[in-house]
Amino acid sequence: MKALQRFESSRLRMNYPIVRFAPSPTGYLHIGGARTALFNWLFAKKHQGKFLLRIEDTDLERSERLYIDQIISALDWLGLNHDGNYILQSNNLSNHHAVLNQLLNQGKAYRCFYTKEELDQLRLESEKAKKPFRVPTTYRDISQEEVNKHLQDQKEFTIRLKVPEGKTCFEDLVYGNITVQNREIDDFILARSDGSPTYNFVVTIDDADMKITHVIRGDDHLANTPKQILIYEALDLPIPTFAHLPMILGSDGKRLSKRHAATNVQEYKEKGYQPKSIINYLSLLGWNPDSDDEIFSINEIIEKFELNQVQKKPAIFDEKKLNWISGQHLQKSSLRELTSAIKDLDFTWAENHSEGFIKDLVLLLQERSKNIQDIIELGKIIVSNPSYSKEDLHKIFIDNNFEIIENFTTGLSFDEFTASNIEELINNISIQNEVSLGVVMKQIRFAITGITYGPSLVEILLLLGQDSVISRLKNFVKQLT
RNA sequence: GCCCCCUUCGUCUAAUGGUUAGGACGUCACCCUUUCACGGUAACAAUAUGGGUUCGAAUCCCAUAGGGGGUACCA
């Protein structure tokens, strides 16, 4: 009967899923958190549901306002907007206590008067005897008089759930059917001796409060789920559907942590990745789009997204593939997108140049860039006065002979500074000096920009314009002779 | 220790019991090219191990190994 009710209510709710992302503000938003948020968001979008944000700030020692702002701005940057205002877990504290009392009154939870020290001692003894340790249920069914007596003695107590006999099953959307025997679960603590509620309890109450229909979170919570289900059952609350996502690991196969290259979403913004690239890459970590294509717009991902195609095993974060995806998206980006992204990141270098010039420059650099920062770096080099590394200089001008550059400089003084004129000049110099076209171009490129790579030489020359090109060439020769 | 979960190229992943185990990133070679990148073509590369079941196993079952999580008055 209960199962049927659960089935009916979950069917009803399925029409309008409500999901949440529940970070604790003890640090910035990292890649793993972003992935969890993303999958929740995708699921909500896919089913026209709601995506809520709950800040789990009950650990007052470690929670900081700064991190709340950072997390929200990182989510915002990624485009993972939440519905409504975000919810502070700490605001729900009085409710937590009310529910605690309710459970106590209904006899579904009880006061346990063991101290931590006593339990530690018992645990130690079991370990020595090589017996599995279970918290003794000594106080589970004592009479009200005994309870009152302990209370009068001012004995400290925790509140524990009376875990019933039987087993707890649920169907995880990713992991499938999971069954745990209740005897494997201790009467776990709902409230500490200082009265503060524990994580498993608070999460459950808040999720129920927010009418969450689908709990989508990291698989580090998989083992907590049966406990939470027991709380739902004790309170006769509808049980949400669960979906646990495998972890994201660093390149060494270990859980992502601060030791790893870049774990902060903010860092990827600063490195010049576009949000759509991060989202595309993250969506592919642990999820199979059922397609040979891998480059998707956000809308395409929403359309294709299915939780049942999420992988069970953890995935390693691979920056190389991210770079490739980023490059693919960059090629598809419009000039307008690119310029606005550049302006967000770093535009100081471009401010003294005309809009048209910057447009042409960006267009020129787009093709060979993986992310926005690549454009900026190359742009800076082309825009600023070149500096020459000795090493490269000797490689390119083997015998310190600058004849080609001098010839080119004088040859450039024609009336029409066009591609065909420049090409003809380069050709002539190549023939006259009996040097290959490649060598001529390399020398000119280096003299003009100070680098040995980058866009087509003629394009750079045209972009910079006749005057600027000639003065750079003259400076080059002046500096070195 | 006990409980739950996981295991296909270096990495992300395909393969309703029958495929030369496929694709992508990366790597390498070649082509294109003034350079770098893009693009194109090929190559290298995987079913953790051992037993079953079956005509036939990456796929089902059982062990073993390895990894993750829980077993906390952490979250």
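First the proteins, then the strands, lettered A, B, ... as listed; each starts at 1. Note that these values count all heavy atoms, side chains included, but never hydrogens, waters or copies made by symmetry.
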Trainee: Whether A/Asn288 contacts B/U13 is assessed here as follows: a side-chain N or O lying under 4.0 Å from the phosphate OP1 or OP2. Is that the case?
Mentor: no
Trainee: When you compare B/C60 with B/C6, how far apart are their P atoms, in angstrom units rounded to a whole number?
Mentor: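 Each nucleotide's P atom is 11 Å from the other's.
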Trainee: If a protein heavy atom is under 4.0 Å from the base, mark B; if only from the sugar-phosphate, S; if neither, -; do that for nucleotides 31-48 of chain B going 5' to 3'.
Mentor: ---BBBBSS---------
Trainee: What's the gap between B/A14 and B/G69 when it is taken at their C1' atoms, as a whole Å value?
Mentor: 28 Å
Trainee: Rounded to the nearest 0.5 Å, what separates atom CG in A/Asp207 from atom CG in A/Leu52?
Mentor: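 Atom-to-atom, A/Asp207:CG and A/Leu52:CG are 10.0 Å apart.
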Trainee: Could you please spell out the steps behind the ring-ring contact (aromatic ring centres under 6.0 Å, His included) verdict for A/Phe397 and A/Phe402?
Mentor: CA-CA 7 Å; A/Phe397 296 89; A/Phe402 303 119; 5.1 Å; yes
Trainee: If you look only at distance, which donor and acceptor atoms sit under 3.5 Å apart when one is on a side chain in residues 153-167 of chain A and the other is two or more places apart or in another chain?
Mentor:
from	atom 1	to	atom 2	distance (Å)
A/Arg160	NH1	A/Asp187	O	2.7
A/Lys162	NZ	A/Gly107	O	3.1

Trainee: Going by an N to O cut-off under 4.0 Å, is there a salt bridge joining A/Glu125 and A/Lys131?
Mentor: no
Trainee: Atom CD1 of A/Ile316 to atom C1' of B/U7: distance rounded to whole Å?
Mentor: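 Going from CD1 in A/Ile316 over to C1' in B/U7 covers 12 Å.
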Trainee: Provide the full list of ring-ring contact (aromatic ring centres under 6.0 Å, His included) pairs with a residue in residues 375-394 of chain A, sequence neighbours left out, each pair given once.
Mentor: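 Every ring-ring contact (aromatic ring centres under 6.0 Å, His included) pair that includes a residue of residues 375-394 of chain A, provided the two are not neighbours, is A/Tyr388-A/Phe446, A/Tyr388-A/Phe476.
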Trainee: Could you tabulate the donor-acceptor pairs under 3.5 Å formed by side-chain atoms of residues 449-456 of chain A, not counting sequence neighbours?
Mentor:
from	atom 1	to	atom 2	distance (Å)
A/Thr449	OG1	A/Arg445	O	2.7
A/Thr449	OG1	A/Ile451	N	3.1
A/Thr449	OG1	A/Ile451	O	3.4

Trainee: Would you list the pairs meeting salt bridge (Lys or Arg N to Asp or Glu O under 4.0 Å) in which at least one residue belongs to residues 322-331 of chain A, sequence neighbours left out?
Mentor: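 Of all non-adjacent pairs touching residues 322-331 of chain A, none passes salt bridge (Lys or Arg N to Asp or Glu O under 4.0 Å).
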Trainee: Please state how far atom NZ in A/Lys321 lies from atom C1' in B/U11, giving the value in whole angstrom units.
Mentor: 8 Å
Trainee: Give me the distance, rounded to whole Å, that separates B/G10 from B/C5 when you measure between the P atoms they each carry.
Mentor: 28 Å
Trainee: Measure the distance from CH2 on A/Trp287 to P on B/A14 and round it to the nearest whole Å.
Mentor: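 Going from CH2 in A/Trp287 over to P in B/A14 covers 11 Å.
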Trainee: List the atom pairs, donor and acceptor, that lie under 3.5 Å between side-chain atoms in residues 360-367 of chain A and the rest of the protein, sequence neighbours left out.
Mentor:
from	atom 1	to	atom 2	distance (Å)
A/Gln366	NE2	A/Leu330	O	2.8
A/Gln366	NE2	A/Gln331	O	3.3
A/Gln366	NE2	A/Ser333	O	2.9

Trainee: Please state whether the phosphate of B/U8, meaning OP1 or OP2, lies under 4.0 angstrom from any side-chain nitrogen or oxygen of A/Lys313.
Mentor: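 Answer is yes, contact under 4.0 Å.
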Trainee: Hey, what's the ring geometry for A/Tyr268 with A/Tyr273, parallel, tilted or perpendicular (30° and 60° as the breaks)?
Mentor: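 Judged by the thresholds at 30° and 60°, the geometry between A/Tyr268 and A/Tyr273 is tilted.
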Trainee: Please enumerate all residues that pass side chain to side chain donor-acceptor pair (under 3.5 Å) together with A/Ser196, with sequence neighbours excluded.
Mentor: A/Arg192, A/Asp194
Trainee: Without decimals, in angstroms, what is the distance between A/Arg183 CZ and B/C3 P?
Mentor: 10 Å
Trainee: Check nucleotides 27-29 of chain B for protein N or O atoms closer than 3.5 Å to its own N or O atoms and list the pairs.
Mentor:
none

Trainee: Taking atom C1' in both B/U47 and B/A58, what distance in whole Å separates the two?
Mentor: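 Their C1' atoms lie roughly 5 Å apart.
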Trainee: Given the P atoms of B/C61 and B/G22, what is the spacing between them in whole Å?
Mentor: 25 Å
Trainee: According to the salt bridge (Lys or Arg N to Asp or Glu O under 4.0 Å) rule, which pairs have a member within residues 446-463 of chain A, sequence neighbours left out?
Mentor: none
Trainee: Measure CG/A/Asp290 against C1'/B/G23 and give the value in whole Å, please.
Mentor: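 So the two atoms are 12 Å apart, to the nearest Å.
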Trainee: Rounded to whole Å, how long is the line connecting atom CD of A/Gln228 with atom P of B/C4?
Mentor: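 After rounding, the reported distance stands at 19 Å.
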Trainee: With nearest nucleotides of RNA chain B determined for A/Leu322 and A/Ala315 from heavy-atom distances, which residue corresponds to the more 5′ nucleotide?
Mentor: A/Ala315
Trainee: Using the six-membered ring wherever Trp is involved, compare the ring planes of A/His244 and A/Phe242 and label them parallel, tilted or perpendicular (cut-offs 30° and 60°).
Mentor: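 Parallel: the ring planes of A/His244 and A/Phe242 meet at under 30°.
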Trainee: With sequence neighbours excluded, give me every side-chain hydrogen bond (donor to acceptor under 3.5 Å, both in side chains) pair touching residues 306-316 of chain A.
Mentor: A/Lys46-A/Glu306
Trainee: What class does the angle between the rings of A/His150 and A/Tyr139 fall in, given that below 30° is parallel, 30 to 60° is tilted and above 60° is perpendicular?
Mentor: perpendicular
Trainee: Strictly below 4.0 Å, N to O, side chains only: are A/Lys116 and A/Glu118 in salt-bridge contact?
Mentor: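 Answer for the salt bridge query: no.
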Trainee: Which residue lies toward the 5' end of RNA chain B, A/Glu294 or A/Tyr175, if each is placed at its nearest nucleotide?
Mentor: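 Of the two residues, A/Tyr175 wins.
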Trainee: Using a cut-off of 4.0 Å between protein heavy atoms and nucleotide atoms, how would you tag nucleotides 61-75 of chain B 5' to 3' with B, S and -?
Mentor: --------SSSSBSB
Trainee: In whole Å, what separates the C1' atom of B/U64 from that of B/G70?
Mentor: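 The same atom, C1', in both gives a distance of 23 Å.
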Trainee: Please list residues of residues 423-432 of chain A whose heavy atoms come under 4.0 Å from any atom in RNA chain B, ordered by number; otherwise none.
Mentor: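 Within this stretch, nothing sits under 4.0 Å of the strand.
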Trainee: Just the rounded figure in Å: distance from P of B/U11 to CG of A/Asn323.
Mentor: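 A/Asn323 atom CG is separated from B/U11 atom P by 18 Å.
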Trainee: Atom CG of A/Asp292 to atom P of B/U13: distance rounded to whole Å?
Mentor: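 Whole-Å distance recorded here is 15 Å.
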Trainee: Identify whether any heavy atom of A/Gln181 sits under 4.0 Å from a base atom; if not, whether one sits that close to sugar-phosphate; answer base, sugar-phosphate or nothing.
Mentor: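 No contact.
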